[in-house]
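In what follows, a single structure is set out as structure tokens and then discussed.
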Amino acid sequence: MIIEDQRDVIDMLRLNWSDSRDRLDCITSVRQANRFIHSNELTAYDCILIDVNLTDGSGLEVLREARSRSDVPIIMISGAGDADSRADAISVGADDYVMKPFSVKELRARVHRLHEARIGRNALQQSVAFKIGNIDCDIGRLSMNFGGASRPLTALEGRILQVLYNSAGEDCPKSSIARRALFREYDPRDKTIDVYINRLRSKLAELDAASGGAIKTIRGVGYRLSDILQKRGSKKPYA
């Protein structure tokens, strides 16, 4: 589903989206988007593209409402933005963010990678669980729990935590996190990983201050997950 009010962008996507297996539908306003999100149609779509600036409102509000009702992959599109605007979209729940003008081929590849990851996650129904400090992390249920309190994880937060867990006790480069969790090559100008790491640290600290420092920054490299006290599950989710 494309939520975009610029006809030339819609026409460009339809003209250059070369994969005939995909069906591209479009709505052009926040009002239409809200009706769509609150209907049964939402579950029929594999990905949603949302323009940040729509004529009758904010695409971020559409994103917020969609994310509250579904884990469908969502990519935000913007004609103007910076690191802060990308961080805002990510914090609300976007899986990816692209700037206009963009390559339709690259956007299509990002959509397919996000969709494939979602299929794999749903098919496996993994229940990999482990502890970070005192906190129980359940990747299958996308939740962290301690002392009767719980914090939800987004799908991307869960993937990043899995990547860190697979490298527990060792340095985990940002390039590895980008490929295995964001499904793209690492760009030093893109602060998506840093934003999500900060969100994970905050959630850990909210549950248990003593466990909040388990994700260490390795300057010039990436991050390291330390102090994993216990693992439950037959195998790690990534090879």
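What you see below is based on every heavy atom in this structure, not just the backbone, and it leaves out hydrogens, waters and symmetry mates. The chain is numbered in sequence order, starting from 1. Computed from a predicted structure; not experimentally measured.
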Notebook entry, point to check: When you look at Val111 and Leu49, which way does the side chain to side chain contact (heavy atoms under 4.5 Å, CB included) test go after all the steps?
Noted result: CA-CA 9 Å; Val111 167; Leu49 310 179; 4.0 Å; yes
Notebook entry, point to check: Where do Glu157 and Arg151 land on the salt bridge (charged side-chain N to carboxylate O under 4.0 Å, His left out) test, with the steps shown first?
Noted result: CA-CA 12 Å; Glu157 286 171 345; Arg151 290 292 183 276; over 6 Å; no
Checklist line | Candidate pair Asn145 and Asp136, rule side chain to side chain donor-acceptor pair (under 3.5 Å), full reasoning | finding: CA-CA 5 Å; Asn145 307 279; Asp136 290 301; over 6 Å; no
Next item on the list: Take Arg67 and Asp95 through the test salt bridge (charged side-chain N to carboxylate O under 4.0 Å, His left out) and record every step on the way to the result.
Entry: CA-CA 10 Å; Arg67 182 53 73 228; Asp95 294 283; 2.9 Å; yes
Next item on the list: Carefully, step by step, assess His115 and Tyr45 under the rule side chain to side chain contact (heavy atoms under 4.5 Å, CB included).
Entry: CA-CA 10 Å; His115 173 55; Tyr45 288 84; over 6 Å; no
Checklist line | Test side chain to side chain donor-acceptor pair (under 3.5 Å) applied to Thr154 and Arg159, step by step | finding: CA-CA 9 Å; Thr154 67; Arg159 292 198 300 271; over 6 Å; no
Next item on the list: Begin from the C-alpha positions of Val163 and Cys172 and carry the test side chain to side chain contact (heavy atoms under 4.5 Å, CB included) through to its verdict.
Entry: CA-CA 8 Å; Val163 173; Cys172 186; 3.7 Å; yes
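Gln6 and Glu4 get closest at one heavy-atom pair: N-OE2, 2.8 Å. Taking every heavy atom of both residues into account, Ile74 and Ala66 meet most closely at CD1-CB, 3.8 Å. Annotation for Ile135 and Ser211: closest pair CD1-CB, 3.8 Å, computed over non-hydrogen atoms. Nearest heavy atom pair, residue Gly212 against residue Leu204, reads CA-CB, 4.0 Å. Scanning both residues, Ala178 and Glu185, for their nearest heavy atoms gives CB-C, 4.1 Å. Closest heavy-atom contact between Lys100 and Val9: NZ-CG2, 4.0 Å.
Val221 and Ile177 sit in two unconnected hydrophobic clusters of ILVMFWY residues. Membership requires side-chain heavy atoms under 4.5 Å apart, directly or through other members. Linking Ile, Leu, Val, Met, Phe, Trp and Tyr whenever their side-chain heavy atoms come within less than 4.5 Å leaves Ile3 and Ile10 in two separate clusters. Residues Leu24 and Val98 share a single hydrophobic cluster, defined by chaining ILVMFWY side chains whose heavy atoms lie under 4.5 Å apart.
Rounded to the nearest 0.5 Å, atoms CD1 (Ile37) and CG (Leu42) are 7.0 Å apart. Taking CZ from Arg199 and CG from Leu156, the interatomic distance works out to 8.5 Å, rounded to the nearest 0.5 Å. Taken to the nearest 0.5 Å, the CD1 atom of Ile50 stands 11.0 Å off from the CD atom of Glu61. If you take OH on Tyr223 and OG on Ser167, they are separated by 14.5 Å, rounding to the nearest 0.5 Å. To the nearest 0.5 angstrom, Gln32 atom CD is 10.5 Å from Asp5 atom CG. Atom-to-atom distance recorded for Ile218:CD1 and Arg224:CZ is 5.0 Å, nearest 0.5 angstrom.
The backbone N or O of Gly133 sits nowhere less than 3.5 Å from a side-chain atom of Asp208 that would complete a donor-acceptor pair.
Partners of Ser18 by side chain to side chain donor-acceptor pair (under 3.5 Å), not counting sequence neighbours, listed by chain and number: Arg108. Not counting sequence neighbours, the partners of Val104 by the side-chain contact (heavy atoms from CB on, under 4.5 Å) test are Met12, Leu13, Asn16, Trp17, Phe102.
Sparse packing is recorded around NZ of Lys105, with 12 or fewer heavy atoms of other residues, nucleotides or ligands lying under 6.0 Å away.
A salt bridge is defined here as a Lys NZ or Arg NE, NH1 or NH2 lying under 4.0 Å from an Asp or Glu carboxylate O, and Glu206 with Lys203 fails to meet this definition. Taking the charged nitrogens against the carboxylate oxygens, Glu41 and Arg35 have no contact shorter than 4.0 Å, which rules out a salt bridge. With respect to the salt-bridge test (charged N to carboxylate O, under 4.0 angstrom), the residues Lys174 and Asp194 qualify. Glu65 has no carboxylate O lying under 4.0 Å from a charged side-chain N of Arg69, or vice versa, which leaves the two without a salt bridge. For Arg86 and Asp88, the salt-bridge test fails: no basic side-chain N is under 4.0 Å from an acidic carboxylate O.
Side-chain contact between Arg110 and Pro73: absent, with no pair of heavy atoms (C-beta onward) separated by less than 4.5 Å. Looking at Ile132 and Leu161, their side chains come closer than 4.5 Å, going by heavy atoms from C-beta outward. When side chains are defined from C-beta on, Ile75 counts as touching Cys47, because their heavy atoms get closer than 4.5 Å. The side-chain heavy atoms of Met76 and Leu60, taken from C-beta on, include a pair separated by under 4.5 Å. Residues Leu142 and Asp71 form no side-chain contact, since every pair of their non-hydrogen atoms from C-beta on lies 4.5 Å or further apart. At a threshold of 4.5 Å between non-hydrogen side-chain atoms, the residues Leu182 and Asp96 do not count as touching. At least one side-chain heavy atom of Phe36 sits under 4.5 Å from a side-chain heavy atom of Met1. Between Ser58 and Val52, the closest side-chain pair of non-hydrogen atoms is not below 4.5 Å.
Neither side chain, Asp190 nor Tyr97, offers a donor N or O lying under 3.5 Å from an acceptor on the other. At a cut-off of 3.5 Å, with distance as the only test, no side-chain donor of Arg141 or Ser150 sits close to an acceptor on the other residue. A side-chain N or O of Asp22 and one of His112 form a donor-acceptor pair less than 3.5 Å apart.
Results of the side chain to side chain contact (heavy atoms under 4.5 Å, CB included) test with Leu153 over Ile160, Leu200, Asp138 single out Leu200 as the only residue that passes.
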